[in-house]
Amino acid sequence: MNLKKEDLHLFMEAIIDEIDVGLHVIDKKGHTILYNKKMMQIESMDSRDVMNKNLLDVFMFSKDGDSTLVQALQNGTETKNIKQTYFNNKGKEITTVNNTFPIRDGEEIVGAVEIAKDITKIERLMKDTIKRKGGTRYTFESIIGEGPAIKEVIGSAKRATRTASSVLIVGETGTGKELFAQSIHNGSSRSAAPFISQNCAALPDSLIESLLFGTKKGAFSGAIDHPGLFEQAEGGTLLLDEINSLNPHLQSKLLRALQERMIRRIGDTKDTPIDVRIIATINEDPIEAITNERMRKDLYYRLSVVTVFVPPLRDRTEDIPLLIQRFISKYNELFQMDVQRVDQEVMETLHTYEWPGNVRELQHMIEGAMNLMADEETIRFNHLPMHFRSKSKVQTASSAQEQLFEETIESSKLKEHMDRSEAHYIKVMLKKNGYNISKTAEEAGLSRQSLQYRMKKLNIEARKEKSF
């Protein structure tokens, strides 16, 4: 049967309206030229409100660059399985997972097409679940800090939400690594799927193995058919906290699971395919962990596709007032108190303290201080826990000695002197290693990212003609 062009057009329209995904096409001016029924349902819009109108005149985005269709039209950007939240012309929030790509006529981009799946209801359910759990699940909005150090890390972590690649989060104890892990999960297209967290140091190796990979009935005395955490996290994210505490055998088995995307229950003879994103945390420099054989080098490379370095509190002291206010508000509500502030002496002490326990230690310190208060509105030095007061006195004495030493170095401050010394050392090491950052970092006993952070902080530029 030979179809006329008009008949073919009718067939195509019928098919496009019946498919179970949203379809939105714009021309090179950004005007909508195709908008199917499923897309109308997803966005709660009528075609008359959208057709032949500019996309940005109809829908509201945080900024123009947040529209995957606009990115495809302006930059030729192709995106796959990217979660996007925006608003229709009535202010209703819409959340979709999109595949978007430009339409080209030769080299010229003449339009863009978006194929969308609706996850608005799922997102709403997830948010309700988060509320019901009393704030035990976190998003990037939960991360407190306005300083450049934490903002840079948040930016890196947000970019990690766009893919399903493994993530390694590096940071000292108490810096908030799980908060970042949950934020990455909740900001990704996997947010509606399970998020499961397991501390690898909390259980003995024999239990961890069966917990991660599951068991087959009869594998050992009392064993039953039981899915492991990999199977329970199917389609979602599995957080492995303190990955460096796993023994080499389990690290090897984990590496195999990551590479082959298959797991085998203990006692089973068949493999089970898995679709799980792995986020791992480590509380020490990964290079040191590898050197001291606490982490396999090949597992590190497999996990660190994306590496997020969470800075210690001593490197972001400008955020201390914000953190204090958040903790005061939290415990005011819990304890039915009306504490308003900390006095100047306390604030100065908190800014000079080293914070070995980081943000967690600061939170516990505020909680402890408020437990010692009655009807006061201001936290004073005598409210601070005894162990903290003892530590701060020792540190104050040490600081006094450092100040005396500073005064002997002409008119420069100790920090300026140390920065100059560090900058000179890095420049010498860079030159020695032919300006190869990886070699320089290895010889200096630093991670590559740590060296790059120090170079940026000290305004040291590597030679641009070199390839690192």
Inset, instruction - Report the distance from atom OG of Ser189 to atom NZ of Lys117, rounding to the nearest 0.5 Å. - result: 10.0 Å

Inset, instruction - Check whether the side chains of Gln198 and Asp241 place a donor and an acceptor atom closer than 3.5 Å, and report yes or no. - result: no

Legend entry - Presence of salt bridge, Arg256 and Asp298, under 4.0 angstrom: no

Legend entry - Side-chain donor/acceptor of Arg190 to backbone N/O of Gly236, under 3.5 Å: yes

Inset, instruction - Would you check, one step at a time, whether the test side-chain contact (heavy atoms from CB on, under 4.5 Å) holds for Ile109 with Lys28? - result: CA-CA 7 Å; Ile109 297 175; Lys28 63 182 178 182; over 6 Å; no

Legend entry - Inter-residue atom distance Leu212.CG - Leu238.CG, 0.5 Å rounding: 6.5 Å

Legend entry - Test item: side-chain donor near acceptor, Thr281 and Glu242, under 3.5 Å: no

Inset, instruction - Please work out which of the three classes, parallel, tilted or perpendicular, describes the rings of His185 and Phe195, given edges at 30° and 60°. - result: tilted

Legend entry - Any donor-acceptor N or O pair under 3.5 Å, side chains Glu93, Tyr86: no

Inset, instruction - Measure from the side-chain N and O atoms of Asn186 to the backbone N and O of Tyr138, and report whether any donor-acceptor pair falls under 3.5 Å. - result: yes

Legend entry - From CD1 (Ile243) to CG (Asn283), nearest 0.5 Å: 11.5 Å

Inset, instruction - Report yes if some heavy atom in the side chain of Gln325 is under 4.5 Å from a heavy atom in the side chain of Lys330; otherwise report no. - result: no

Legend entry - NZ/NE/NH1/NH2 to OD/OE distance under 4.0 Å, Arg314 and Glu172: yes

Inset, instruction - Flag the pair Ile366 / Ile379 as yes when at least one side-chain heavy-atom distance between them is below 4.5 Å, and no otherwise. - result: yes

Inset, instruction - Look at Arg380 together with Glu345 and state whether they make a salt bridge at an N to O cut-off of under 4.0 Å. - result: no

Inset, instruction - Would you indicate whether the side-chain heavy atoms of Phe101 and Val113 approach each other to under 4.5 Å? - result: yes

Legend entry - Test: Glu443 and Lys432 ion pair at under 4.0 Å: yes

Legend entry - Side chain to side chain, Val305 and Thr163, heavy atoms closer than 4.5 Å: no

Inset, instruction - Look up atom CD1 in Ile282 and atom CZ in Arg294, then write down how far apart they are to the nearest 0.5 Å. - result: 8.0 Å

Legend entry - side chain to side chain donor-acceptor pair (under 3.5 Å) assessment of Thr139 paired with Glu141: CA-CA 5 Å; Thr139 65; Glu141 286 69 35; 3.0 Å; yes

Legend entry - N-O pairing of Asp319 and Arg326 below 4.0 Å: no

Inset, instruction - Answer yes or no: does atom CG of Asn292 have more than 12 heavy-atom neighbours from other residues, nucleotides or ligands under 6.0 Å? - result: yes

Inset, instruction - Answer yes if the side chains of Thr68 and Thr79 hold a donor-acceptor pair under 3.5 Å, and no otherwise. - result: no

Inset, instruction - With Thr378 as reference, evaluate Gln340, Arg341, His383 under the side-chain hydrogen bond (donor to acceptor under 3.5 Å, both in side chains) test and give the passing residue. - result: Arg341

Inset, instruction - Write down the atom of Val339, the atom of Met373, and the distance for their closest heavy-atom approach. - result: CG2-CE, 3.7 Å

Legend entry - Donor-acceptor pair between Gln363 and Glu367 side chains, under 3.5 angstrom: no

Inset, instruction - Taking atom types as modelled, find out whether Asn98 and Thr100 have a side-chain donor-acceptor pair closer than 3.5 angstrom. - result: no

Inset, instruction - State plainly whether the residues Glu152 and Lys456 are in salt-bridge range, i.e. N to O under 4.0 Å. - result: yes

Inset, instruction - Check whether any side-chain heavy atom of Val70 lies under 4.5 Å from a side-chain heavy atom of Leu73, and answer yes or no. - result: no

Legend entry - Derivation of the ring pair (Phe, Tyr, Trp, His ring centres under 6.0 Å) call for Phe213 and Phe230: CA-CA 6 Å; Phe213 299 101; Phe230 275 99; 5.5 Å; yes

Legend entry - Over 12 foreign heavy atoms within 6.0 Å of NZ, Lys439: no

Inset, instruction - Side-chain contact test, heavy atoms from C-beta onward, threshold under 4.5 Å: evaluate it for Leu168 versus Pro286 and give yes or no. - result: yes

